[in-house]
J.: 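Before I ask anything, let me first share the structure, which is written out below as structure tokens.
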There are 2 protein chains.
Amino acid sequence: MTREFSRHKPIYKQIMEHICQDIVRGVYVCGNKLPSVRELAIEVGVNANTIQRVYQELERDEIVVSKRGQGTFITEDEERINVLKEEMKKEIVQRFITDMMKMGFTYDEMLTTIKEEAKNGDSSESSL
Amino acid sequence: MTREFSRHKPIYKQIMEHICQDIVRGVYVCGNKLPSVRELAIEVGVNANTIQRVYQELERDEIVVSKRGQGTFITEDEERINVLKEEMKKEIVQRFITDMMKMGFTYDEMLTTIKEEAKNGDSSESSL
DNA sequence: TTAATTGTACTAGTTTAATAGTACACTAAT
DNA sequence: ATTAGTGTACTATTAAACTAGTACAATTAA
């Protein structure tokens with residue numbers, strides 16, 4: 001109900017990312033129907049046009065297919081989903097590494113930091 | 001000269017980040033004078049008001065101190081810089097971990113991926 | 001055919017980041 | 001006192017993201 005969106009990024013992109021994450025994690029499977037534009041708009045508390053843009057962009061990326069009168073569906077192309085997962089992973093990893101390097105950290109320090117986090121805050125994994 | 005700014009983030013924040021990275025890497029030392037508002041504006045190719053906002057926000061964060069008629073300087077408080085470095089590091093690491101977890105990756109997979117990148121693309125480190 | 005649900009298109013308005021230009025205030029050097 | 005360089009303040013304008021509302025098009029089921 002309350003919208004937990006970062007103001008620092010377009011809402012439609014945040015929603016796109018969220019959907020892609022669900023696809024990649026297997027919450028949505030190939031061929032699954034997504035909520036309708038109006039349904040999802042109400043659910044996440046944004047305008048229907050914003051959701052339309054989300055689906056439009058996802059269709060341009062060949063992640064979903066929209067059919068008038070029927071709905072919007074995850075692509076049947078399983079390989080496309082695998083590629084998506086690799087793309088998303090690469091983007092996240094690259095940004096992490098370049099950001100850390102810009103601060104002067106080495107690969108070893110990056111690894112050590114993540115290992116530290118794994119020891120302490122691994123509660124976030126079991127809570128999901 | 002040509003402005004290499006991401007359209008996805010306010011320019012003033014990108015400049016803020018760049019300055020903070022330089023501070024944390026030791027390019028700027030405590031007490032150092034930063035370029036004047038007008039100088040930096042020309043250098044990076046943006047409006048002077050944008051730089052003013054950069055320095056204003058950095059002063060609000062107690063990273064720099066502005067003195068009328070003299071210039072803008074890195075804080076003398078060395079501890080503040082240490083805290084800044086920890087804050088920046090934590091934000092980057094946390095975002096990386098949560099993003100990867102949202103995609104369903106484990107800590108082990110995160111570490112493996114970074115090790116892979118360290119083997120291949122370690123040219124970026126020597127080139128700096 | 002009719003009604004309901006879906007995606008799609010269009011116009012108008014608000015908010016924020018950034019630009020552009022001007023003016024003022026303070027400091028240091030001459 | 002004057003000048004140059006600095007930070008600061010203000011107004012107006014532009015562009016993009018998002019909102020709001022309405023209307024149209026295609027599919028499905030009754």
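Note that this is a predicted model, so its numbers are computed, not measured. Every chain is numbered from 1 and lettered A, B, ... according to where its sequence line falls, protein lines coming before strand lines.
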J.: Between dA9(D), dA9(C), dA23(D), which nucleotide gets closest to the side-chain atoms of Arg38(A)?
T.: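 Closest nucleotide among those given: dA23(D).
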J.: Just to confirm, is there a sub-4.0 Å distance from OP1 or OP2 of dT19(C) to any side-chain nitrogen or oxygen of Thr50(B)?
T.: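 For dT19(C), OP1/OP2 do have a side-chain N/O of Thr50(B) under 4.0 Å.
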J.: Could you check how far CD1 of Ile51(A) sits from P of dA17(D), rounded to whole Å?
T.: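 These atoms are roughly 16 Å apart.
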J.: Return the 5'-most residue of the pair Arg53(B), Asn47(B) with respect to DNA chain C, ranking by each residue's nearest nucleotide.
T.: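 Nearest nucleotide further toward 5': that of Arg53(B).
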J.: Contact class for Glu59(A) (heavy atom, under 4.0 Å): base, sugar-phosphate, or nothing?
T.: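 Here Glu59(A) touches the backbone only, sparing every base.
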J.: Separation of Glu57(A) atom CD from dG7(C) atom P, in whole Å?
T.: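 In whole Å, dG7(C) P and Glu57(A) CD are 16 Å from each other.
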J.: Atom CG of Leu40(B) and atom P of dG5(D): how far apart are they, to the nearest Å?
T.: 17 Å
J.: In terms of side-chain geometry, is the basic nitrogen of Glu57(B) or Arg53(B) positioned less than 4.0 Å from the acidic oxygen of its partner?
T.: yes
J.: Looking at Ile63(A), Val29(A), Leu34(A), which one forms a side chain to side chain contact (heavy atoms under 4.5 Å, CB included) with Ile74(A)?
T.: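 The option that passes is Leu34(A).
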J.: Please tell me if Thr72(A) has a side-chain N or O lying less than 4.0 Å from either OP1 or OP2 of dT6(C).
T.: no
J.: Give the rounded distance in Å between these two atoms: CZ of Arg68(B) and P of dT8(D).
T.: 7 Å
J.: Decide, yes or no, whether a salt bridge links Lys9(B) with Glu17(B) under the criterion of side-chain N to carboxylate O below 4.0 Å.
T.: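 Here Lys9(B) pairs with Glu17(B) in a salt bridge, since their nearest N and O are under 4.0 Å apart.
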J.: Determine yes or no for a side-chain-to-main-chain donor-acceptor pair under 3.5 angstrom, with Gln14(B) supplying the side chain and Ser6(B) the backbone.
T.: yes
J.: In this structure, how many angstroms lie between the P atom of dT8(C) and the CZ atom of Arg60(A), rounded?
T.: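 Going from CZ in Arg60(A) over to P in dT8(C) covers 14 Å.
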J.: Check whether any side-chain N or O of Ser36(A) sits under 4.0 Å from OP1 or OP2 of dT6(C), and answer yes or no.
T.: yes
J.: Among dG7(C), dT27(D), dA9(C), which nucleotide has an atom closest to any side-chain atom of Gln70(A)?
T.: dT27(D)
J.: Judged by each residue's nearest nucleotide on DNA chain D, which is more toward the 5′ side, Glu39(B) or Gly69(A)?
T.: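 Nearest-nucleotide comparison on DNA chain D picks Glu39(B).
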J.: What's the NZ-C1' distance between Lys9(A) and dT16(C), to the nearest Å?
T.: 18 Å
J.: Of the nucleotides dA20(D), dA17(D), dG7(D), which has the atom closest to the Asn49(A) side chain?
T.: dA20(D)
J.: Please report the distance, rounded to the nearest Å, between CD in Gln52(B) and P in dA23(C).
T.: 17 Å
J.: Hey, is Glu86(B) close enough to Lys90(B) for a salt bridge, meaning N to O under 4.0 Å?
T.: no
J.: Expressed in angstrom and rounded to an integer, what is the separation of Phe73(A) atom CZ from dT28(D) atom C1'?
T.: 12 Å
J.: For the side chain of Val37(A), counting heavy atoms from C-beta on, which of dT8(D), dC18(D), dG7(C) is nearest?
T.: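 Among the listed nucleotides, the one closest to the side chain of Val37(A) is dG7(C).
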